[in-house]
Every structure is written in C-alpha cells, then in structure tokens.
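Order of the sequence lines fixes the chain letters, A, B, ..., with proteins taken first and strands second; residue numbering starts at 1 for each chain.
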Protein chains: 2
Amino acid sequence: MREWSFKRNDHIPPIGRKVRNNMTNQQEDGIWLHCSNSAVRRASRRLGQLYGHVMGDSDLKSTQFSLMSQIARSGEPTLKNLAEAMVMDLSALGHTLKPLIRDGMVELVPDERDRRVKRVRLTEAGTAKQQELLTLWRDAQSRFDQAFGKEKSAELRKALALISSAEFAEAFTKS
Amino acid sequence: MREWSFKRNDHIPPIGRKVRNNMTNQQEDGIWLHCSNSAVRRASRRLGQLYGHVMGDSDLKSTQFSLMSQIARSGEPTLKNLAEAMVMDLSALGHTLKPLIRDGMVELVPDERDRRVKRVRLTEAGTAKQQELLTLWRDAQSRFDQAFGKEKSAELRKALALISSAEFAEAFTKS
DNA sequence: TTTATTTACTGGTATATACCACAAAATATG
DNA sequence: CATATTTTGTGGTATATACCAGTAAATAAA
C-alpha cells in the first residue's frame, strides 16, 4: 500500500503551485474551482457521458440529438443561423452535420433567393428518429432535474444561456 | 428582402415541434433552454472561444492550459487519477496528452511500485510555459468575473463542480 | 457598370473526446 | 501455486469542434 497524503482544502494553493497530491477522491481542489472555462468544460464532459449513457445504443449521440432538436425547433435554418444559435463555428457545424447527412437524418437544401445560402432540414427519417429519442432525452433530463433540483436546473440553464449570448461575448471582449 | 417572422417567446413550443423560425437574433427560444446538457455544451463552446482568443497565439490551447494547470496542481498524478479529476475518459486523456508530449511540455514516467501505472509530469519547459500563460489566463478569468459577476461566477463554478462530481453521477444514474 | 468588399459556405488540418477491444501487470480465489 | 478477475494503459475508430485559406455569390462603392 502506498502512503496517501490526506485532503486539506483549508488552504487553497494558487493555480499551478505544485502540491504532490496523490489523493484519489474527487473532492480535492482543482483548476475547475478557479477557472470558469475549465469548470464548464468538465461539467460538459460529465453530462455528455451521463446523457449519452441514457441515449444508450440508439443511433444518435446526445450531441446529434441536440443538434437535430434545434433544427426541428428552428424550422429550416440556414447553416449560418444554426451555427449562431448553437454558438458553433460555421465550419465546425458543417463537419458535424456530415455523419447526419450521410445517415439520411438531415439534408441541405439551397435557398431559392440567395444562391450562397443553404438551409438545413430534417428528413422524414430524421424527424422520426428525433421524435423517437425524445422519450430517452426526457428520461435523462428528468434525472438531471431530480439530482440537481428542478428550480436550480432552470436557473442554471438561464445562466448558461446568458454566458452563451452574443451580448456576453461582447461584454467579455470589450472590457 | 425576405419576409421575417418576429420573435414571440411568449408561448414556448415543446422540443422538436416545428416552428418555421427564420429569426436571426440570439434571443430566440432554443433547445438549450430545456436541455441542461445542450446548455452546458453550448456555454463551453462559447467560453472555449472567449478564453481561447485571450490566449491568442500562445503555443497552448485553453484546454491544454487547463490540463497542464491541473497536472501542476496535482503534483504527479497517475493517468487514471488525472482522468478522474478532469472527468475525462482515460483513453481520451491519453490522446489529449500526445501533442503536449510531442511538444515537450509533458512527460510520462513509470511508477516504481506498480509497473502498470504511469505518472504525468510537466517538463521544465512545460512548467515555464504554464507559468508564462498564467497572466493571460488571469486576464480571461477576470474578464469573465467582470462580465458575469464575481459572486455568481464562484457560485457557478461550485454548481458545475457538483454536477461533475462522482456523487452526482451516482445520483443521476441510480434514480 | 466595373471593381472592391462583404457574406455564406467548403475543405484542410489539428486538437478534444468517447467507446471498444486488447495487453500486461497486479490481485484475489480455489 | 495456478487460475480467474480486476486494474491500468494503449491503439483504433468515430464524432466534435476550432481556425485558416480559399471560392462563389451578393452587395456596396467608385
């Protein structure tokens, strides 16, 4: 057996200070308690895993389900608008759509008035699949609400929507 | 000019209901207001971009900076422990480390007592680089605190740490 | 109307991240 | 001790995502 040092969260060492920390448990101090970016990414990994497991062996990843749900919700958005809504780089969106297009879940249709523009649309199969997975998604979301608190859950989403907004980006950048 | 429908957030349509929404602005209703997973991912994309721009042309991505900061903070964690701390899949961590190892920022050292185990360590160059970027990180983090509120910022990180915890995963899964 | 600029998308390249199957070492079991 | 099981990593494959450098269409400017 190795000699373990014990948790001591009383004096929080500054970022990047070496502590020779061999602790196994999760409660230890970490960068995510100091860096909002790290904190959000870390949580997104956890939720990706959690929601993903609920989605299970369905053909779609939780990210794909999100994207398709947003497409359905938007009607028939242009790539540009969809990218903005998802806070995603336009080219990243293009790449992300490829597997969905390949699998016949989504199709791109040229806009009639502006030949530069392409609109994103769920195929019939895509719509059906999205509807089908709604049940699983609801299970995941209700588990989340249960574990985190329905109230706090809604508040959190609102806070995150604020952070994701263009106005926030503006404020962050200009200051 | 196209005919635009106008924003109406008064009646929030359920997920996956088609609305034929051509709105350009960000305030529109979206999946992220209903799905915590989507909300967190979306925010993580935004923050990735924002922090990333502050990091600018430095050799490290903001994700790499986070990871290196956690390594520094942990002392000399095993791959397993680091993966757990980061809430990252072990193999994903391995892959993520490759560019850092290639660039001489990080090295893997075999554990002396358990030949299965490898420990992660910042090289001298890595430590220096991490220290150097601390300034940029501090700028980004203080911009965030400014824009979101220092209080709320700390609360948010705590909430996200809870969501990222093993206990939360437990609660989510068992329920 | 010709030219310059902006807009919307595509493709390349690199990192981020997950899951699965496999290998090797350590540990538990009979 | 010999075998079964668990633990820790590695490599493959696929999606997620960013940034940059084009390209073509639309629009603004001269």
query: To the nearest angstrom, how far is B:Asp114 atom CG from D:dT7 atom C1'?
result: 8 Å
message: Without decimals, in angstroms, what is the distance between B:Leu60 CG and D:dC19 C1'?
response: 17 Å
Donor-acceptor contacts under 3.5 Å from residues 154-162 of chain B side chains, at least two apart:
{"from": "B:Arg157", "atom 1": "NE", "to": "A:Leu33", "atom 2": "O", "distance (Å)": "2.9"}
{"from": "B:Arg157", "atom 1": "NH1", "to": "A:Ser36", "atom 2": "OG", "distance (Å)": "3.1"}
{"from": "B:Arg157", "atom 1": "NH1", "to": "B:Ser153", "atom 2": "OG", "distance (Å)": "2.7"}

query: Which parts of nucleotides 9-21 of chain C does protein reach within less than 4.0 Å, heavy atoms only, written one letter per nucleotide 5' to 3' as B for base, S for sugar-phosphate only and - for none?
result: BSBBB-SSBBBB-
field: Terminal helix-axis angle for the helix from C:dT1-D:dA30 to C:dG30-D:dC1, with five pairs defining each axis and rounding to 10 degrees
entry: 20°
message: Applying side chain to side chain donor-acceptor pair (under 3.5 Å), can you list everything that pairs with A:Ser38, at least two apart in sequence or on another chain?
response: B:Ser66
Which pairs of donor and acceptor atoms, one on a side chain in residues 51-58 of chain A, lie under 3.5 Å apart (sequence neighbours left out)?
{"from": "A:Tyr51", "atom 1": "OH", "to": "A:Gln141", "atom 2": "OE1", "distance (Å)": "2.4"}
{"from": "A:His53", "atom 1": "ND1", "to": "A:Gln49", "atom 2": "O", "distance (Å)": "3.4"}
{"from": "A:Ser58", "atom 1": "OG", "to": "A:Met55", "atom 2": "O", "distance (Å)": "3.1"}
{"from": "A:Ser58", "atom 1": "OG", "to": "A:Leu60", "atom 2": "O", "distance (Å)": "3.3"}

query: Out of B:Gln130, B:Lys61, B:Met86, B:Met105, which residue meets the side-chain contact (heavy atoms from CB on, under 4.5 Å) rule with B:Leu67?
result: B:Met86
query: Restricting to pairs with a member in residues 88-98 of chain A, which pass salt bridge (Lys or Arg N to Asp or Glu O under 4.0 Å), not counting sequence neighbours?
result: none
- request: Not counting sequence neighbours, which residues clear side chain to side chain donor-acceptor pair (under 3.5 Å) with B:Gln146? List them please.
  value: none
query: Excluding sequence neighbours, so at least two apart, what forms salt bridge (charged side-chain N to carboxylate O under 4.0 Å, His left out) with A:Asp103?
result: none
- prompt: With respect to the phosphate group of C:dA24, does any side-chain polar atom (N or O) of B:Arg115 fall under 4.0 Å of OP1 or OP2?
  reply: no
message: List the residues meeting salt bridge (charged side-chain N to carboxylate O under 4.0 Å, His left out) with B:Arg138, not counting sequence neighbours, and say none if there are none.
response: none
